[in-house]
Every structure is written in C-alpha cells, then in structure tokens.
2 protein chains.
Amino acid sequence: MPATAAQKKGTRAAQKEARPKEIVEAALAIFARDGFAGTRLEDVAERVGISKGTIYLYFENKEELFKACVRETLGSHVKETMELAAAFDGPTPDLLREIVRRISGRLTKPAYRTILLLLISEGQRFPELVSFYHSEIIGPGAEGLGGVIQRGIDRGEFKETGLSKFPMMLMSPVIASVIWNHLFGDDVEIDPSEALQTHLDTMLDGLKA
Amino acid sequence: MPATAAQKKGTRAAQKEARPKEIVEAALAIFARDGFAGTRLEDVAERVGISKGTIYLYFENKEELFKACVRETLGSHVKETMELAAAFDGPTPDLLREIVRRISGRLTKPAYRTILLLLISEGQRFPELVSFYHSEIIGPGAEGLGGVIQRGIDRGEFKETGLSKFPMMLMSPVIASVIWNHLFGDDVEIDPSEALQTHLDTMLDGLKA
DNA sequence: TTCTACTGACTAACCAGTCAGTCAACAAGA
DNA sequence: TCTTGTTGACTGACTGGTTAGTCAGTAGAA
C-alpha cells in the first residue's frame, strides 16, 4: 500500500482522492458561465472527462456541489492578514495600503472573482453559504480593517471620519471594478489595482489628520 | 371555469393596454427572486392573475420579456442630469455632490437595484442588453462625471488625480452597498446614502487642490 | 479472481412554448 | 332597452425537449 499521494499517482486510490477537486474545478467554470440553474451536470462531467453518474459518487446533489465550490474557493486567509496587521509597526497609511492591496489581490483572482459573482447572483438561494461567507470572511475582514483605521486615529495619523463605521467600503472600488470588467470588460477593461491605487491615494489624502 | 378577478376594471381595450406593464412588473419580481433560468413563466402569470398563454400574446418569449424588463426600468435619465451640470455655476464640490447623490438615488430604487443585480448575474447571456446599458447609461454617465471633475481641475478646485480616468469609481460605494445589502441586508444593513456621504467627504477632502 | 470506481441508459419531473377552444365585451339591429 | 351575432383576449391541457438523479452492469486495478 503506497504511503503518500505522490506515490499513489496513477493508482485508483490516487484518482479517487483527486476526483472531488477535479469536479469542483470544472463545476466552478461551468457555474461561472451558466449560473446555478443553467448548469448541466453533464457539461461538468464532460469537462472532467468522466460520466455524470460519477459526480453523484462524490457529491450528494447539484446544490452540495455548488456549496463545495464556494467553500473550497473561499478558504480562510483572513487570519494571516490580521496577523500581519498586528505585527506591523510602521506608519498606518503604509499598513492600510498593504492590507487593502492583499485583499484586492485575492478578490481579483479568477476563482475568487467567479465566486464573488456567483454569490451575488445565487446568494438568495443559499442563505447558509451567505452566512458562512459573512462570518468567515466579511465579518473578520471588516473588523480587521476597522482596527487598522482605529490604529491610525489613535496614532494621530488619521482624522476621525465615518469610514470607521463602514471599513469595508475601502474595498468598494475593487468590487466595482470586478463587476465592471465582468459586464463591460470587452469594451473597456479597468485595471482593479490601478483603480484601487487611485482611490487609496485620494482617500488617504482625505483621511490625513 | 375562468378566472374573473382580472376582468373587474375598465374596458377590454384598457385592459389590453395595461397588460404589458403588469406582466413586466410581475416578471421583474420573479426574475429578481429566481434569476433568469430559474424563473417559471407560470409563476409570473399567476402573480398577474392571468394564464401563461397570455404572456405569449404580449411577449415573443422569455428572453424578450426579460429584455423588456431591463429596458423598461432603465429608461434614460442621464440627459437631464447632464443638463443640470451644464447649467450649474457654483463650486464644483457642491455640483459633484449633487450629481453623485442623484445617480445614487436612482441606483438604490428597488426596481433599478433589481435590474442592476440581474444584469450582473445574467449579463453574459444578453450581450445586447449590456451594450444597451453601456451606451445609454454608463457611457454618458461616466463622461458627465468626468466633465465635472475636469471642471473642478480647470477652476483650480481639484488637483489632478487618477480619478479622471475612472470617474465611475465615484459611484463604487453605492454599488458596493447595494450588493452588500442584497447579500447581508438581513444581518447588517448599510445605508447607501450614508456610505456615499462618508465616501464623498473623504474623497473631496483628498481631491482638494 | 475479487473488488470497486465508474458508466450511461433510464425515469421522472419540469417547463417553454403552442393552439384549439371559451366566453365576456361590444355592436348592431329590432 | 333587449336580443343576438361577432370579435379577440384569454385559457389551460398538451407537446417536445431537457436534465437531475438512479442503478444494474462493466472494466480494469489489485
């Protein structure tokens, strides 16, 4: 009996182990293209190179497959970002730039972008997913950003503004540009990091104590 | 036995004239709830109090009904806003505030909000709708906002920033809060106009020459 | 040979779109 | 005003196509 995944490569056991991820990856692509209701599991299967029945060996039904896609992609990288914030001891504007840049980096990755758009479209149908997203990602993220803004205020670098109440709004240009590109990308593509850069420059100027 | 509920009011001619709007309104609600693929025309019909067949007397098919919903709701109020900008002769920050506030007012109206979310979810499937939206609303809107920012720069009220390149990003907090409320509104509702207010305060401060 | 991941034909359900039939509104004549 | 014929908005059962989900059978690794 082989011990590691690498050794098992090509064996049935290895294949079995790799299947769920393969399926989720393919499903993500098809869900992104056709939405939840519009997705045909046969298309997903074909993309993996298996038959539809196989999907049901790994996922209870279409809904569970969808949820797996969301959970798989979201992961939870919030913690490390928060640790960075705690350890940092330079000027707060630099810290804020770095953190916002990191979040933006994640938000604009293809898989994450896809999930963001899918959550917007299908969220109503999957309240548990939305609250998962809220409690695992959005909540801690907002809290973290809020903490950084507060740090700036405490250190006399930022003045007090309403932004403390809506720290997530710092990310709004990134979200808006992801949506913009999704809709109008063929005509006029926006570079989210450039949009963010511009936005941050102006905001940080306006925040200055 | 026929349903008599629909036959209460007005003449046949009046009824016929009112039908399309009734259908579009009902469809908007169901599309918003179930998405395009998920919407059953029977549900739409039931909401109006007519039978499914009647919908086909007024709309060629499901797609055309969807397009009618979008076109009906979007209208085109951009022109008047632009005229306001041309006529205004006070300080540019005040003008910008007023214009952004107006756009936000439209964006957050329930029907418009619904269309925004539907365009995000279903836009891929309806490229003509997206380009309609782009050419009728977004393009002129962006141009108008850009003009106002330029006015500020010309009058020495604003400094030159990258914002001129992405004027629509001024609206990003509104878009982000519409999406936020759509997803998380049950837990923590954001007041888009408050978010916008905060955002504008900071941005205008940062834009100051 | 045994075991099991996988197959794909099948079923049951669903729904967009159709169309022959219905009946209330209207018109016109008595 | 009443009667009667016509019109056309509307109905809803039906069709045809689609797809989620099942399961008896297969193939190939161990």
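We name chains A, B, ... by the order of the sequence lines, and we start the count at 1 in each one. Worth saying up front: this structure is predicted, and the values here are computed from it rather than measured.
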(request) Indicate whether the side chain of Thr92(B) and that of Arg151(B) have a donor and an acceptor atom separated by less than 3.5 Å. (result)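 Yes - a donor-acceptor pair under 3.5 Å links their side chains.
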Provide, to the nearest angstrom, the distance between the [atom1] atom belonging to [X] and the [atom2] atom belonging to [N].
| X | N | atom1 | atom2 | result |
| --- | --- | --- | --- | --- |
| Leu65(A) | dT19(D) | CG | P | 16 Å |
| Ile55(B) | dA9(D) | CD1 | C1' | 14 Å |
| Asp34(A) | dT18(D) | CG | C1' | 14 Å |
| Glu17(A) | dT4(C) | CD | P | 17 Å |

Salt-bridge criterion met for [X] and [Y] (N-O under 4.0 Å):
| X | Y | result |
| --- | --- | --- |
| Lys79(B) | Glu83(B) | no |
| Arg47(B) | Glu22(B) | no |
| Lys165(A) | Glu194(B) | yes |

(request) Can you measure from CE (Met203(A)) to CG (Leu96(A)) and round to the nearest 0.5 angstrom? (result)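 One gets 9.0 Å once the value is rounded to the nearest 0.5 Å.
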(request) Starting at the 5' end of nucleotides 5-18 of chain C, put B wherever the base has a protein heavy atom under 4.0 Å, S where only the sugar-phosphate does, and a dash everywhere else. (result) SBBB------SBBB
(message) Testing Phe36(A), Tyr133(A), Phe132(A) one by one against Phe126(A) for a ring-ring contact (aromatic ring centres under 6.0 Å, His included), which residue passes?
(response)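 Only match with Phe126(A) under ring-ring contact (aromatic ring centres under 6.0 Å, His included): Phe36(A).
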